[in-house]
Amino acid sequence: EAGVAQSPRYKIIEKRQSVAFWCNPISGHATLYWYQQILGQGPKLLIQFQNNGVVDDSQLPKDRFSAERLKGVDSTLKIQPAKLEDSAVYLCASSLRDRAGTEAFFGQGTRLTVV
Amino acid sequence: QKEVEQNSGPLSVPEGAIASLNCTYSDRGSQSFFWYRQYSGKSPELIMSIYSNGDKEDGRFTAQLNKASQYVSLLIRDSQPSDSATYLCAVNPLYNFNKFYFGSGTKLNVKP
């Protein structure tokens, strides 16, 4: 079974530039998550999709971050314009939404450096 | 108050010893609990999940859950240098069993 795929693996941009990340979840996983992990901290949920609908985006900085999940499969996360404090690893995860206790599987992440 | 709290460590143990990692959570109605291991520069990977009070064993790992006290722990027996990593505790809240709250993680160093 293929895992969660993310690209790119690394990205360096200047502040005020824009950047986009892509995620392809495990086949059949209805729930998709984007997490931000700053060095030394645990993952922080940015947005959660159920199929192509947003379940939770309460911690997404909507003035600069946007995300979409077209057709309930792939997802993109965009930052425009980027700030220095956006430097982090952006993790995509997916899970089956069939019962409580279903684990989330993570992709390899995209390490973003804003200079 | 954070939903999930962990001691950031580092926790240092000698090879062969038992490592004990602890986690507390604030949502009393939480139902599912997970321990993820994250090596430096890598993504989190699940090592244990637990849903009922008591102990759950899987090889050298034992997860312990006490819902009355709102804590969950992970014991690693016969610790190996390869166990050196950050261990993240994650919790599903009652109102959204597909949401994961993560703690900040405990860094474990196993010294040869």
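Every chain is numbered from 1, with letters handed out A, B, ... down the list of sequences.
Around OH of Tyr71(B), the count of heavy atoms belonging to other residues, nucleotides or ligands within 6.0 Å does not exceed 12. A 6.0 Å sphere centred on NZ of Lys62(A) holds more than 12 heavy atoms belonging to other residues, nucleotides or ligands. More than 12 non-hydrogen atoms from other residues, nucleotides or ligands lie less than 6.0 angstrom from CG of Leu84(A). No more than 12 heavy atoms of other residues, nucleotides or ligands lie within 6.0 Å of NZ in Lys11(A), so this atom counts as exposed by the packing criterion.
For a residue to count as touching a neighbouring chain, one of its non-hydrogen atoms must lie under 4.5 Å from one of that chain's; by this rule Val89(A) does not touch chain B. Neither the backbone nor the side chain of Lys107(B) comes within less than 4.5 Å of any heavy atom in chain A. Proximity to chain A (any heavy atom under 4.5 Å) is shown, for Glu45(B), by neither the backbone nor the side chain. With a threshold of 4.5 angstrom between heavy atoms, Gln41(A) approaches chain B through N, CA, C or O but not through any side-chain atom. Looking at Tyr36(B), only its side chain comes within 4.5 Å of chain A, counting heavy atoms on both sides.
Here Pro43(A) is the residue among Ala93(A), Pro43(A), Gly107(A) with the most heavy-atom pairs under 4.5 Å with chain B. The residue among Lys42(B), Gln6(B), Gln38(B), Lys99(B) with the most heavy atom pairs within less than 4.5 Å of chain A is Lys99(B). Between chain A and the options Gly103(B), Gly41(B), Pro44(B), heavy-atom pairs under 4.5 Å are most frequent for Pro44(B).
Distance check, rounded to the nearest 0.5 Å: OG of Ser104(B) to NZ of Lys44(A) gives 14.0 Å. Of the inter-residue distances, the one linking Phe105(A) atom CZ with Leu46(B) atom CG reads 7.5 Å to the nearest 0.5 angstrom. One distance of note links CD of Gln37(A) with OG1 of Thr86(B); it measures 8.5 Å at 0.5 Å rounding.
Cluster annotation: Phe65(A) and Phe21(A) are assigned to the same hydrophobic cluster (Ile/Leu/Val/Met/Phe/Trp/Tyr, side-chain heavy-atom contacts under 4.5 Å, transitive). Using a 4.5 Å cut-off between side-chain heavy atoms of Ile, Leu, Val, Met, Phe, Trp and Tyr, with links allowed through other members, Leu21(B) and Tyr25(B) fall into the same hydrophobic cluster. Placement of Leu77(A) and Val4(A) in two distinct hydrophobic clusters is found when ILVMFWY residues are connected by side-chain heavy-atom separations under 4.5 Å, directly or transitively. In this structure, Trp35(B) is a member of the same hydrophobic cluster as Phe61(B), with clusters built from ILVMFWY side-chain heavy atoms closer than 4.5 Å. No single ILVMFWY cluster, assembled from side-chain heavy atoms under 4.5 Å apart, contains both Tyr33(A) and Phe49(A).
Taking the six-membered ring for Trp and the full ring otherwise, Tyr35(A) and Phe100(B) have centroids separated by 6.0 Å or more.
In plain terms, the two heavy atoms of Leu91(A) and Ser43(B) that are nearest each other are CD2-CB, 4.0 Å.
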